[in-house]
Amino acid sequence: MSVRVRIAPSPTGNLHIGTARTAVFNWLFARNQEGKFILRVEDTDLERSKSEYTENIKSGLTWLGLTWDEGPFFQTQRLDLYRDAIQKLIDQGFAYPCYCTPPELEQMREKQKATNQAPRYDNRHRNLTAEEIAQFEADGRKPVIRFKIDDEQKIVWNDLVRGKVVWQGSDLGGDMVIARTPEQDSETFGQPLYNLAVVVDDIDMDITHVIRGEDHIANTAKQILLYEALGANVPEFAHTPLILNTEGKKLSKRDGVTSIDDFRKMGFIAPALTNYMTLLGWTPPDAQEIFTLDSAATQFYLERVNKAGAKFDWDKLDWLNSQYLHSMPSDDLLSLLIPYWQEAGYQFDTGADKQWLLDLTTLLAPSLTRLTDGVKDGALFFVDGVTIASDAQEFVAQDGAKAVLESVGSQCESGLTLDGAKAIIKAVTKEFKVKKGLVMRSLRVGLTGALHGPDLIQTWLLLNQKGMDKTRIETVSNSISN
RNA sequence: GCCCCCAUCGUCUAGAGGCCUAGGACACCUGGUUUUCAUCCAGGCAACAGGGAUUCGAAUUCCCUUGGGGGUACCA
């Protein structure tokens, strides 16, 4: 049987890094096994689900390169399927109506906690008589549907990343709710709940491997029972470790930046992000740390996925992102940078300025960690005018600097070449009998207002092509007193 | 509380009984390259949670302790 896996996000928020990482593992596994990767939107929580989040999830997965082979499927469009399954479970005696009210359940749990017992449903309505049911109905109570979970039974599965996992039925919290209270009088039961819907869908979609976060382990035990009651084959399960925050807790929306959208806006690129997410819990056999999704897929095995949670490390992500940015062809990098520059309001013509933009990209590339650094570093080249840093001001106040700048400034002409620039620097060094360092550093201050920056002559050439060198040098030299 | 899972440098990890004096990467520190910053290169610091058991031999197997995490809904 061919492999079929799925990513099943719930549209209650933007695409989360944890969901994305699960998607990565599923995608890699599907690719490795030449199987199918399916997208299913779990929107049975009508209260919290929003279509804008669905769009965000789809665009996020696409941006990351995690394309799906089938779907997206929506659970809200498959309600009949769940309804049939629930009815079947009731008919076959696997499920029954429970008329307990939320306050009653609340009270029951309070009592259990008070006596140091595990809070659970005590299965009190499992064997209601027809008379009792009639009485509840007459009282106007509406039932939820509960699926019987035998306390005595043991649930066992061979987890593909954890090995054998054993669960005791009694530790599952009692008979589980699979359908909510009906909202309309005509209905005998309401909306399906997560565990039921997941199983029905996974059966219907012939899912062979369920790869998901470790936080679902307890659900797996419950779901296996559902598979069996529905007479379906139980798929393989693999529970991946969680991504943890700095405190070592499960990364949640409250940890600030967690949505894929946020990472994109911060200047991370998709290949670096997927590379990093993969590395969080998995290492390729060859120990290579920088790899594409495609190459990882060729050697991806669930058995190599770690068991322990992994803390999210910004430093490592930054490093990976910078590696990608540094090794990328200039025109690729340029096209990534352009949107950021445009958003910053920088004026340029992508046609006429093409070569200039490419040269600028080459100049800036080694200093980029995130694409957003290109905005900061590029300001100098797109925005006229210069502000002088205090240490630069100080440097340029020394003897000779002003004269050097005035001399260089007077020699600035359009059409400056590399050799021309070198010749001017050499001539000025000779003329004033100063060290080359003084000329270079003064010139840097004259051109950029700072003591540090990328290659000076290239910087000069680029500014010259935009006619910004002469006036800038003059502005700075005029600002020097004496 | 109860149940489950997990445990190697600060972080991500390699390690399936002798190859481990525990390897790599990030971060950090030092040096080199550079007019400077960045890049790049070279080097350094730094870990098997603790205790038992098995074994000639344990980071690797087993048990206990400790620590961390997850779950415990008419959320997903």
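For the numbers below, each heavy atom of this structure counts, side chains included, while hydrogens, waters and symmetry mates do not. The chains referred to below are lettered A, B, ... by the order of the sequence lines, with proteins before strands, and numbering in each begins at 1.
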Partner lookup for B:A7, please. Criteria are Watson-Crick or G-U wobble with both distances under 3.5 angstrom; report none if nothing qualifies.
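With both distances under 3.5 Å, B:A7 matches B:U66.
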Looking at B:G1, which nucleotide sits across from it as a Watson-Crick or G-U wobble partner, both distances under 3.5 angstrom, or is there none?
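Check on B:G1: paired to B:U72, both distances under 3.5 Å.
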Measure from the side-chain heavy atoms of A:K311 and tell me the nearest of B:U35, B:A76, B:U11.
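Nucleotide nearest to A:K311's side chain: B:U11.
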Side chain of A:T283 - closest among B:G1, B:U35, B:A14
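Nearest to the side chain of A:T283 among the choices is B:A14.
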Measure from [atom1] on [X] to [atom2] on [N] and round the result to the nearest Å.
X: A:F312; N: B:U13; atom1: CZ; atom2: P; value: 13 Å
X: A:D315; N: B:A25; atom1: CG; atom2: P; value: 16 Å
X: A:H216; N: B:C5; atom1: NE2; atom2: P; value: 18 Å
X: A:L438; N: B:U35; atom1: CG; atom2: P; value: 15 Å
X: A:L368; N: B:C40; atom1: CG; atom2: P; value: 12 Å
X: A:L172; N: B:C2; atom1: CG; atom2: P; value: 18 Å
X: A:I290; N: B:C26; atom1: CD1; atom2: C1'; value: 11 Å
X: A:I217; N: B:G71; atom1: CD1; atom2: C1'; value: 9 Å

Strictly below 4.0 Å: does [X] bring a side-chain N or O up to OP1 or OP2 of [N]?
X: A:K250; N: B:G70; result: no
X: A:Q191; N: B:A76; result: no
X: A:T12; N: B:A76; result: no
X: A:R109; N: B:U72; result: no
X: A:R304; N: B:G15; result: yes
X: A:R120; N: B:C3; result: no
X: A:N306; N: B:A14; result: yes
X: A:R180; N: B:C75; result: yes

With a 4.5 Å heavy-atom cut-off, do A:P182 and A:T188 have their side chains touching?
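Result no, sub-4.5 Å side-chain heavy-atom pair not found.
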Answer yes or no: is there a side-chain heavy-atom contact under 4.5 Å between A:K142 and A:D185?
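Touching, per the 4.5 Å side-chain cut-off.
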Do [X] side-chain and [N] base share a donor-acceptor contact under 3.5 Å?
X: A:T181; N: B:C74; result: yes
X: A:K316; N: B:A25; result: yes
X: A:R48; N: B:C75; result: yes
X: A:D377; N: B:A38; result: no

Applying the side-chain hydrogen bond (donor to acceptor under 3.5 Å, both in side chains) test to A:R212, which of A:N219, A:T220, A:T240 qualifies?
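Going through the options one by one, the only one that passes is A:T220.
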Which atom names give the shortest non-hydrogen contact between A:Q458 and A:D455, and what distance separates them?
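Shortest heavy-atom separation between A:Q458 and A:D455 comes out as N-OD2, 3.0 Å.
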If we take the [atom1] atom in both [N] and [M], what is their distance in whole Å?
N: B:U11; M: B:A16; atom1: P; answer: 23 Å
N: B:A49; M: B:A25; atom1: P; answer: 22 Å
N: B:G52; M: B:G43; atom1: P; answer: 39 Å

Can you confirm whether the side chains of [X] and [Y] place a donor and an acceptor under 3.5 Å from each other?
X: A:W282; Y: A:N306; result: no
X: A:S49; Y: A:T12; result: no
X: A:W157; Y: A:D159; result: yes

A:E289 or A:D171: which one's nearest nucleotide on RNA chain B is closer to the 5' end?
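The answer here is A:D171.
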Applying a 4.0 Å non-hydrogen cut-off, can you work out what A:G281 is touching in the nucleic acid: base, sugar-phosphate, or nothing?
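Contact class for A:G281: sugar-phosphate only.
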